[in-house]
Structure formats: C-alpha cells, structure tokens
Amino acid sequence: MTTTLLSTAGELHARARAGRRAVVMTMGALHEGHATLIRTARALAGPDGEVVVTVFVNPLQFGAGEDLDRYPRTLDADVKLAGESGADVVFAPGVDEVYPGGEPQVRITAGPMGERLEGASRPGHFDGMLTVVAKLLHLTRPDVALYGQKDAQQLALIRRMVRDLNFGVEIVGVPTVREEDGLALSSRNRYLSPAERRTALALSGALFAGQDRHAAQEALRARAREVPATRARAEALSAIGESRAAADAHAVATAVPGGPAAVRAAARQVLDEAARLDPPLVLDYLALVDPSDFTEIGDDFTGEAVLAVAARVGTTRLIDNIPLTFGAAS
C-alpha cells in the first residue's frame with residue numbers, strides 16, 4: 001500500500017477521517033516487533049480506518065551519558081517497513097514541531113511508579129516519555145494507541161496517565177516479539193557482538209526459567225489436590241518429576257500457589273551464571289512486581305504479575321519481561 005510521509009501536525013490534521021485512527025508510537029529503527037504492532041493496529045482500525053506510525057527520537061527520554069546521538073535513524077527503511085505492515089501514514093516530526101518553544105517547562109510527572117526499576121536506573125526517563133506520549137496523542141488524535149509489552153513499565157505508566165488525566169483514547173498492549181533464539185526484539189540488539197549476544201540470551205533464559213518453575217509448582221499443587229494427604233500424595237508428586245527431598249507433599253499442597261520466592265530464585269540462578277561468562281552480564285535488576293504499581297509482590301500474592309529484568313552486556317543495556325499469574329486466577 002502507499003504510505004504517506006508527513007512531518008507536521010497540520011498535514012496530519014488535514015487528512016480526511018472516516019473510520020478509527022490507530023497510532024503506533026516509535027523512535028524509529030523499526031523491526032519485526034514494530035511490524036507486529038502495526039499489523040495489530042491495522043486489524044483494530046479496520047479497512048475504513050487509518051494507521052499512523054510516529055517516528056520521533058525524543059531527547060527528553062535520554063539521560064546524561066545515554067545514547068541519544070548513537071540511536072539509529074533509518075527513516076527511509078522505516079517508511080518501507082511501516083507501509084508493508086499496513087500503515088497509511090508515517091508521521092516523522094522534527095524536534096521543533098514537537099517542542100516548538102524548546103524543551104517544555106510544563107511536563108508530565110510519572111509519580112512513584114516512575115521512580116522504580118527503570119525509573120531508578122534512568123532518573124527522569126519516564127517523565128520525558130510521558131510528556132512526549134501526551135504530546136503525540138494530542139498531535140495525532142487517535143482513537144486507539146498501541147504499545148509493546150516488552151516495555152511493561154512504560155505501558156503501565158501510559159495506561160495510568162490516560163486514566164488519571166482523562167485522555168479519550170484506548171490503550172492496547174501487544175505481546176513481546178522474540179527472535180528465534182529467544183532474545184526480545186530491540187533496536188539495541190544491533191549493538192551486540194556475537195559473543196555479547198550469547199551472553200544477552202541469559203535475560204530471556206532467566207525469565208523462562210522463572211516461568212518454568214512457576215508452571216511446575218502450579219502443576220504440583222494441582223496434582224497434590226487430587227490425592228489424599230498420604231504416601232500416595234508423595235508418590236504422585238514424584239511421578240511428575242518433583243523430588244521428595246525438594247518438596248514435602250503436604251507443604252506443596254498447602255503452599256502459596258506458584259511460589260514467588262522460588263520463581264525469583266530460578267531466574268537469578270541463570271543470571272548469576274551469566275555474570276561469570278566472557279563477556280559478563282552485569283545485572284541492573286531482577287524484579288517480580290505487581291503491574292498496577294510495579295512494587296515487589298509478596299509470597300501471599302495472587303493475581304497477575306510481571307517478572308522483569310534489566311542488564312548490561314558490554315555497553316548495551318537491555319530489558320525484558322514476561323507476565324505470570326499466581327493463585328486462583330491461574
């Protein structure tokens with residue numbers, strides 16, 4: 001399809017609108033993860049709607065020493081991929097279009113959630129992110145906006161901003177897209193050498209280990225409920241691969257579902273091993289959090305959670321996460 005490249009909000013506002021407008025916000029350097037967002041936007045907008053992809057490298061999101069100048073700019077390739085994925089418009093404004101008076105004096109503040117995890121590692125990052133998202137929502141005037149779940153804390157904060165400040169837009173999260181080896185797709189992956197990439201696989205490996213531990217515990221607990229509190233219970237547990245020495249039958253039957261502490265431990269073991277590789281993985285954080293506020297969950301937690309990790313390999317900082325559900329909801 002023909003994709004129109006626009007650089008001003010006036011040009012975008014002048015376009016006739018019939019159906020829903022769906023917006024996908026990016027900083028460019030588009031890859032298959034972005035393509036998935038665009039294809040999902042196309043499906044939500046429908047044949048009569050419009051899909052707009054924004055390409056804007058937001059200076060407010062980069063702190064001192066971060067890679068603003070290094071961040072890849074590939075607009076021609078971005079327009080091509082966006083069009084192939086179903087976009088009608090690529091909106092690529094300059095800094096003067098988004099911030100016509102220079103850096104804004106009035107900004108969105110992310111609040112306490114914005115100071116945790118990514119916010120603690122990158123002070124001010126989420127204030128800058130929310131400020132530009134708010135501006136781009138006003139500039140593009142969508143009915144629905146889509147964001148990747150790979151940036152789980154960002155997605156949670158955008159949802160909170162839209163709810164707290166009464167933005168008239170639907171926010172949709174799209175699951176993380178991974179490469180064949182499990183590494184979450186990111187424009188920063190191109191910075192990794194082959195050896196660094198091998199080390200970086202520990203991020204997804206840790207998440208999958210935590211996920212597997214959670215699934216095994218849930219299976220044990222479900223199986224334990226099916227048999228009496230006798231020797232038969234221990235035999236049933238052993239039959240599905242859980243050593244009697246590792247888990248007493250009665251303890252498994254009465255334990256908190258899923259065991260957040262065990263999930264954290266399984267993930268951390270993979271990360272600890274990666275810290276001894278060459279090159280090493282340098283862990284920033286491993287967290288198992290409530291997605292409503294990104295605080296750590298306790299062992300009695302039930303409901304949806306996010307297992308999140310951030311680390312550096314060489315000079316490249318990477319993040320990843322997976323959703324988990326603890327307790328009756330699972």
> With sequence neighbours excluded, what pairs up with Ala152 under the side-chain contact (heavy atoms from CB on, under 4.5 Å) test?
Replying inline: Phe294, Val306, Asn321
> Can you name the residues that form a salt bridge (charged side-chain N to carboxylate O under 4.0 Å, His left out) with Asp320, not counting sequence neighbours?
Replying inline: Arg178
> Under the 3.5 angstrom rule, does the side chain of Asp278 hit a backbone N or O of Ala195 as a donor-acceptor pair?
Replying inline: no
> Can you tell which of Val53, Val23, Thr140 makes a side-chain contact (heavy atoms from CB on, under 4.5 Å) with Phe91?
Replying inline: Thr140
>> Other residues, nucleotides and ligands only: do more than 12 of their heavy atoms fall within 6.0 Å of CG on Asp164?
In response: yes
>> Restricting to non-hydrogen atoms, name the atom on Pro260 and the atom on Asp299 that form the minimum distance, rounded to 0.1 Å.
In response: CB-OD1, 3.8 Å
>> To the nearest 0.5 Å, what is the distance between CG on Leu203 and CG on Leu281?
In response: 5.5 Å
> Among all residues two or more places apart in sequence or in another chain, which pass the salt bridge (charged side-chain N to carboxylate O under 4.0 Å, His left out) test with Arg15?
Replying inline: Glu50
>> Given 3.5 Å as the limit, does a donor-acceptor pair link the side chain of Thr3 with the main chain of Val79, or not?
In response: no
>> If I take atom CG from residue Leu30 and atom CG from residue Leu81, how far apart are they, to the nearest 0.5 angstrom?
In response: 5.5 Å
>> Any heavy-atom pair between the side chains of Glu179 and Arg197 that's under 4.5 Å?
In response: yes
> Does the side chain of Asn189 come within less than 4.5 Å of Leu318's, by heavy atoms?
Replying inline: yes
>> Assigning hydrophobic clusters by single linkage (Ile, Leu, Val, Met, Phe, Trp, Tyr; side-chain heavy-atom cutoff under 4.5 Å), is Leu44 placed with Met25?
In response: no
> Counting N and O atoms only, with roles assigned by atom type, does the side chain of His214 sit under 3.5 Å from a partner on the main chain of Ala262, one being a donor and the other an acceptor?
Replying inline: no
>> Connecting only ILVMFWY residues whose side-chain heavy atoms lie within less than 4.5 Å of each other, what is the rest of Val282's hydrophobic cluster?
In response: none
>> Is there a path of hydrophobic side-chain contacts, each under 4.5 Å between heavy atoms of I/L/V/M/F/W/Y residues, joining Val95 to Leu130?
In response: yes
>> Please determine whether a side-chain nitrogen of the Lys or Arg among Arg42 and Asp88 lies less than 4.0 Å from a carboxylate oxygen of the Asp or Glu.
In response: yes
> Can you hop from Leu37 to Leu155 via hydrophobic side chains spaced under 4.5 Å?
Replying inline: no
>> Applying salt bridge (charged side-chain N to carboxylate O under 4.0 Å, His left out), can you list everything that pairs with Asp151, at least two apart in sequence or on another chain?
In response: none
> Can you list the other members of the hydrophobic cluster that holds Val177, where links are side-chain heavy atoms under 4.5 angstrom apart?
Replying inline: Leu185
> Taking side chain as C-beta onward, heavy atoms only, is Phe126 less than 4.5 Å from Gln153?
Replying inline: yes
> Could you give all pairs that pass the side chain to side chain donor-acceptor pair (under 3.5 Å) test and reach residues 126-136, with sequence neighbours left out?
Replying inline: none
>> Show, in sequence, the C-alpha distance, side-chain angles and deciding distance for Phe326 and Leu288, and conclude whether the side chain to side chain contact (heavy atoms under 4.5 Å, CB included) test is met.
In response: CA-CA 11 Å; Phe326 290 85; Leu288 185 55; 3.9 Å; yes
> Can you pull the side chain to side chain donor-acceptor pair (under 3.5 Å) pairs that have at least one residue in residues 24-34, sequence neighbours excluded?
Replying inline: Glu32-Arg39
>> Show every side chain to side chain donor-acceptor pair (under 3.5 Å) that has at least one partner inside residues 280-297, sequence neighbours left out.
In response: Glu118-Tyr285, Ser121-Asp284, Arg264-Glu296, Asp284-Arg317, Asp290-Ser292, Asp293-Thr295
> Residues two or more places apart in sequence or in another chain: which of them pass side-chain contact (heavy atoms from CB on, under 4.5 Å) with Gln211?
Replying inline: Phe208, Ile322, Leu324
>> When you group the ILVMFWY residues by side-chain heavy-atom contacts below 4.5 Å and let the links chain together, are Phe167 and Leu136 in the same group?
In response: yes
> Between Met129 and Tyr99, is there a shared hydrophobic cluster once you connect ILVMFWY residues whose side-chain heavy atoms come closer than 4.5 Å?
Replying inline: yes
> Partners of Ala41 by side-chain contact (heavy atoms from CB on, under 4.5 Å), sequence neighbours excluded?
Replying inline: Ala22, Val24, Val51, Leu146
> When rounded to the nearest 0.5 angstrom, what distance separates CG in Leu207 from CG in Leu286?
Replying inline: 8.0 Å
Could you go through residues 102-115 and list every donor-acceptor pair under 3.5 Å that involves a side-chain atom there, pairing it with any protein atom two or more places apart or in another chain?
unit_1	atom_1	unit_2	atom_2	d
Glu103	OE1	Arg107	NH2	2.9
Arg107	NE	Pro104	O	2.9

